[in-house]
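Okay, structure first, notes after.
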Amino acid sequence: MKASYFRNNRYIMTMLWRIRKGRVIGEFLYRALTYIYWLFYDILFLKYLVESLERGRSFEEIMTFIAAAMIGFAIPSIVSAWYLHVYKPRTDADIFEAVHTMLFEKATHVELSCYENTQFYNRFTLAMKDCEKRMTQIIENQCIILTSTAASLCALYYMFQIDHFVILFIAGPLIGNFLFGKIINDIKFRMNKECTPYVREMEYVNRTIYLAEYAKEFRMSGIFGVMKKLYENGFWGILRKIKQYQNKTALLAFVRNIFVFVVIFQGVIFYSLYRVMVTHSMSLSGFTVLFSAMNVVAWMVIQASEAVILSYEDSLYIANLREFLEYEPIVDERQTGIMPADCQKTAPDGAVVAFRRVGFTYLGQKAPVLHDINMTVHRNEKIAIVGHNGAGKTTFVKLLMRLYDVSEGELLYCGSNVKELDLPAYRNLFGTAFQDYQVFAMTVAENVLMRTPQNEADYQKVRQCLKQAGVYERVCRLSHGMDTILTKEFAEDGAVLSGGELQKIAVARAFARDYQIAIFDEPSSALDPVAEYELYENILKGCADKTVFFVSHRLSTAALADRIYLFEHGRIAEFGSHAELMQRDGKYADMFRKQAQNYVGGTFDVA
Ligand code: ADP
């Protein structure tokens, strides 16, 4: 990590330079101007004044010099005020926007499995966190290091002109200052690293407490006590680490201060006083300027070393950001390739989708979740996937959409291996609704179209999709109909719909796409069996000319399909039409009868 300190800072400065050259140049000039001011007033100006008094220059001459200096600095002062209050905030906003866009782009283009990879997810959250503060800090620190080093060298040069040996009193402590700074920084780095698990515990609790999804559980259960304990564990863990290291860092900081301040300040003062008072080899003006220059150099170098220490911290942040931005996705969401054929028209033998001996293992897991899946689905077929929890149904659907790549065997779309197809175009073939659908704090129409409706034709489409999902009448009763904002996140009069109603909106969203294949992965769990049955009847009617996959727990619904696949422990245990499976009298028939007993007298008559 430490070896990459320069590489990391260079990486981010190059990136910032690309985004906003003016901000980098502006910061450099602003810092340079600050140090020039400092050098001028504390050394040159002072030198001129003391010498003027010694040489008996006239009051008018001195006043003219002061007035000229004031005018000389007036213009840069106006420019730096403009820079600080107008240019910097504006360009900082541009930088944040550009960096966030890069992060968002990356986050949406990596494969889904990244979100299930703790390391990757941590990296992502860390990269997003403090992004604004870090970017500004990085530019500032790098410019401070450069300009203050240059300014210190100038001040040292002046001191050297007055006395060649006095430099020795400064050079040693300054090198020591860097060395001590580095040791203190290494210890802090170690401490922060050891604190990370505790910080993550605290952050997890913070996150869950402000997320609306958790609010109900917190109120209705004793989980708050558990979370509080977790938070306290994190808090005390951090405190223990601070205690473990505090004495060491305090001692080092104390030694460093003594070393720097005592040696520089007392050393230079004693030495120059000796020359003024004992050997009479130094003038009073020389002593005054030397004293002031020493002060300037010491503070400038302290600022530079502080900036170096902060840059080490920045470097950790940058390393994380770099790893995130440079991550090479296994499945690049922007992958180009062969455009998928219009399978509805050109599928060989009418086969739209074919799984050939497909197996799948999740990243980091040893045991496969799916084994030897073989399935050929023809044009406009309606396929139900059923099975107990954990049987592999959702994983199957994820493979179908290429959210993951198969680990074994191959998946064909219209005769082509899906790995060779243009991924965005392939994804566009699907209209989907999942059990873990998300509703956005946008209008109903936007939630269905997933963009802002532009004209009446768009609204007509939304209307039709809502009708097909069986929720149009409910939407009409909302305060602004299809333009009602869902959730109360941004709107006081935002609509709060029931779970079942929201699921129907998620189903309407699937219809709004220009899809070839519809996938419904239990977007109906909040509906009662009758409502679910009716929803699927509607869906299947509306999708007569589409290929449909749907996952359902309720076999009464599955019975609507042309073919049913029963998954068990990641394998296809049985398949066939409802009638065929009932006739076989195997596992499916057994499950169906057990479920039917729960609905005696219900509406279903499919057996
Ligand atoms: P189903 O949809 O039939 O309930 P899933 O396909 O969701 O089943 O899960 C099948 C198995 O894969 C389960 O044992 C589950 O724990 C495991 N699984 C699901 N998602 C992941 C994941 N991201 N990483 C590791 N294992 C997973």
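Both ligands and their constituent atoms are indexed starting at 1 by order of listing. Start at 1 with the first residue, then count along the sequence. Just so we're clear, the structure is a prediction, and the values are computed from it rather than from any experiment.
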**Prompt:** Nearest to atom 4 (O) of ligand 1 by heavy atom, Gly570, Gly392, Gly390: which?
**Reply:** Gly390
**Prompt:** Which of the atoms in ligand 1, numbered in the order shown and given with their element, are less than 4.0 Å from a heavy-atom of His388?
**Reply:** 3 (O)
**Donor-acceptor under 3.5 Å (Gln595 side chain, Leu555 main chain)** = yes
**Phe360, Phe567, Tyr565 screened by ring-ring contact (aromatic ring centres under 6.0 Å, His included) with Phe396, the one that passes** = Phe567
What donor-acceptor contacts under 3.5 angstrom involve side-chain atoms of residues 97-105, with partners at least two apart or in another chain?
from: His100; atom 1: NE2; to: Glu132; atom 2: OE2; distance (Å): 3.3
from: Thr101; atom 1: OG1; to: Glu97; atom 2: O; distance (Å): 2.6

**Asked** Taking atom 25 (C) of ligand 1 as the point of reference, which of Tyr404, Tyr362, Phe567 owns the nearest heavy atom?
**Response** Tyr362
**Message:** Less than 3.5 Å apart, any donor N or O on the side chain of Arg463 or Tyr472 sitting next to an acceptor on the other?
**Reply:** yes
**Prompt:** Do the numbers put Lys106 on top of the ring of Tyr327, so that NZ or CZ is under 6.0 Å from the six-membered ring centre and no more than 45° off the axis?
**Reply:** no
**Request:** Report yes or no: does Ser577 contribute a side-chain atom to a donor-acceptor pair with the main-chain N or O of Glu580 at less than 3.5 Å?
**Result:** yes
**Item:** Proximal atoms of ligand 1 relative to Val369 (non-hydrogen, under 4.0 Å)
**Value:** 10 (C), 11 (C), 12 (O)
**Fill in**
Taking only non-hydrogen atoms of Thr395 and a 4.0 Å limit, the atoms of ligand 1 in range are 5 (P), 6 (O), 9 (O), 10 (C)
**Request:** Flag Thr394 as yes when one of its N or O atoms lies below 3.5 Å from any N or O atom of ligand 1, and as no otherwise.
**Result:** yes
**Message:** Tell me whether Gln365 has any N or O atom under 3.5 angstrom from an N or O of ligand 1.
**Reply:** no
**Prompt:** What atoms of ligand 1 come within less than 4.0 Å of a heavy atom belonging to Asn389?
**Reply:** 4 (O)
**Request:** Could you say whether the N/O atoms of Lys393 and ligand 1 ever approach to under 3.5 Å?
**Result:** yes
**Message:** Any salt bridge linking Arg357 with Glu408? Criterion: basic side-chain nitrogen under 4.0 Å from a carboxylate oxygen.
**Reply:** no
